[in-house]
Amino acid sequence: RRQAQAALATEQACAVRAFQAAQEGHWEWDAHTQENHLSPRMKELLGMAPDEILHGPDGLLHLARLHPDDVEPVRAVLQAHQQGHGNETFDFTFRVRQVHGQDPDGGPWRHVRSRGHAWRDPDGAARFFSGTGTDITAEIAVQQQNLQLEAQLQRARKMEALGTLAGGVAHDFNNILAAVIGYGELA
């Protein structure tokens with residue numbers, strides 16, 4: 001028994017180090033007891049205090065720090081998954097405001113990607129949910145910057161095409177004017 005406990009403690013410490021190295025948070029929700037467990041990193045990602053507790057399946061939805069536009073999409077994903085629609089895994093992204101000091105408006109919005117899995121009992125009812133959370137704010141910022149650069153490139157290409165067209169028209173008009181002036185001088 002001591003060896004098993006030592007092996008379990010070693011595995012748990014290894015898992016904690018892996019999550020810390022990956023900068024990912026871990027969460028679990030037991031559908032029957034309505035209990036949530038959030039790792040310290042997950043609480044940090046959600047902008048929660050270390051001693052703050054989430055209650056029930058929709059505890060996340062009641063966080064004042066969750067972006068209002070993300071409440072219904074997150075609720076829909078969680079309900080659909082709990083009811084057994086789709087596959088066993090789920091993946092969704094939401095925005096959370098990080099609270100800093102006494103500022104009631106909090107800090108900037110952060111994008112958190114949560115991926116998880118539901119374990120079901122033999123009747124097919126969701127029994128236990130577990131997943132991870134990752135801060136993807138930097139990735140979203142890079143995507144938005146790439147979209148802006150792509151839009152600028154498209155505008156530059158349009159202007160280049162317009163410039164080429166204008167140059168061609170000016171050249172053709174110049175040729176016509178040269179002929180008119182030439183015939184005018186001959187006349």
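With rounding to the nearest 0.5 Å, the separation of CZ in F92 from CZ in R75 is 12.5 Å. To the nearest 0.5 Å, atom CD of residue E52 and atom CG of residue L46 are 9.0 Å apart.
Among residues two or more places apart in sequence or in another chain, the side chain to side chain donor-acceptor pair (under 3.5 Å) test is passed with Q154 by E150.
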Name every donor-acceptor pair, under 3.5 Å, that has one atom in a side chain of residues 123-142 and the other anywhere in the protein, sequence neighbours excluded.
{"residue": "R127", "atom": "NH1", "partner": "D30", "partner atom": "OD1", "Å": "2.5"}
{"residue": "R127", "atom": "NH1", "partner": "D30", "partner atom": "OD2", "Å": "3.4"}
{"residue": "S130", "atom": "OG", "partner": "H26", "partner atom": "NE2", "Å": "3.1"}
{"residue": "T132", "atom": "OG1", "partner": "E24", "partner atom": "OE1", "Å": "3.4"}
{"residue": "T134", "atom": "OG1", "partner": "E24", "partner atom": "OE2", "Å": "3.3"}
{"residue": "D135", "atom": "OD1", "partner": "T137", "partner atom": "N", "Å": "3.0"}
{"residue": "D135", "atom": "OD1", "partner": "T137", "partner atom": "OG1", "Å": "2.6"}
{"residue": "D135", "atom": "OD2", "partner": "R110", "partner atom": "NE", "Å": "3.2"}
{"residue": "D135", "atom": "OD2", "partner": "R110", "partner atom": "NH2", "Å": "2.6"}
{"residue": "T137", "atom": "OG1", "partner": "H111", "partner atom": "N", "Å": "2.8"}

Worksheet item: Does the pair E44 and R41 meet the rule for a salt bridge (Lys or Arg N to Asp or Glu O under 4.0 Å), with working shown?
Response: CA-CA 5 Å; E44 181 184 330; R41 174 66 178 150; 2.8 Å; yes
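Side-chain atoms of R65 come within 3.5 Å of backbone N or O of G47 as a donor-acceptor pair. No donor-acceptor distance shorter than 3.5 angstrom exists from the side chain of K43 to the backbone of A49, with no hydrogens or angles considered.
Smallest separation of non-hydrogen atoms from G25 and S39: CA-OG, 3.5 Å.
The aromatic rings of W119 and H117 lie perpendicular to each other, with more than 60° between the two planes, well past the 30° mark.
Within the 4.5 Å cutoff, side-chain heavy atoms of F94 are placed close to those of S114. Side-chain contact between H67 and W109 is present, with heavy atoms from C-beta onward closer than 4.5 Å. Counting heavy atoms from C-beta on, the side chains of I181 and E185 come closer than 4.5 Å. Residues R113 and D91 have side chains in contact (heavy-atom distance under 4.5 Å, counting atoms from C-beta outward). Counting heavy atoms from C-beta on, the side chains of L38 and M48 come closer than 4.5 Å. Two residues are said to be in side-chain contact when any heavy atoms from C-beta on lie closer than 4.5 Å; Q3 and R1 fail this criterion. Using a 4.5 Å heavy-atom cutoff, the side chains of W29 and Q34 are in contact. Looking at heavy atoms from C-beta onward, L162 lies out of side-chain contact with K158 at the 4.5 angstrom threshold.
Summarising the local packing, CD of Q5 is surrounded by more than 12 heavy atoms from other residues, nucleotides or ligands at distances under 6.0 Å.
The ring of H37 has its center no closer than 6.0 angstrom to the ring center of W27.
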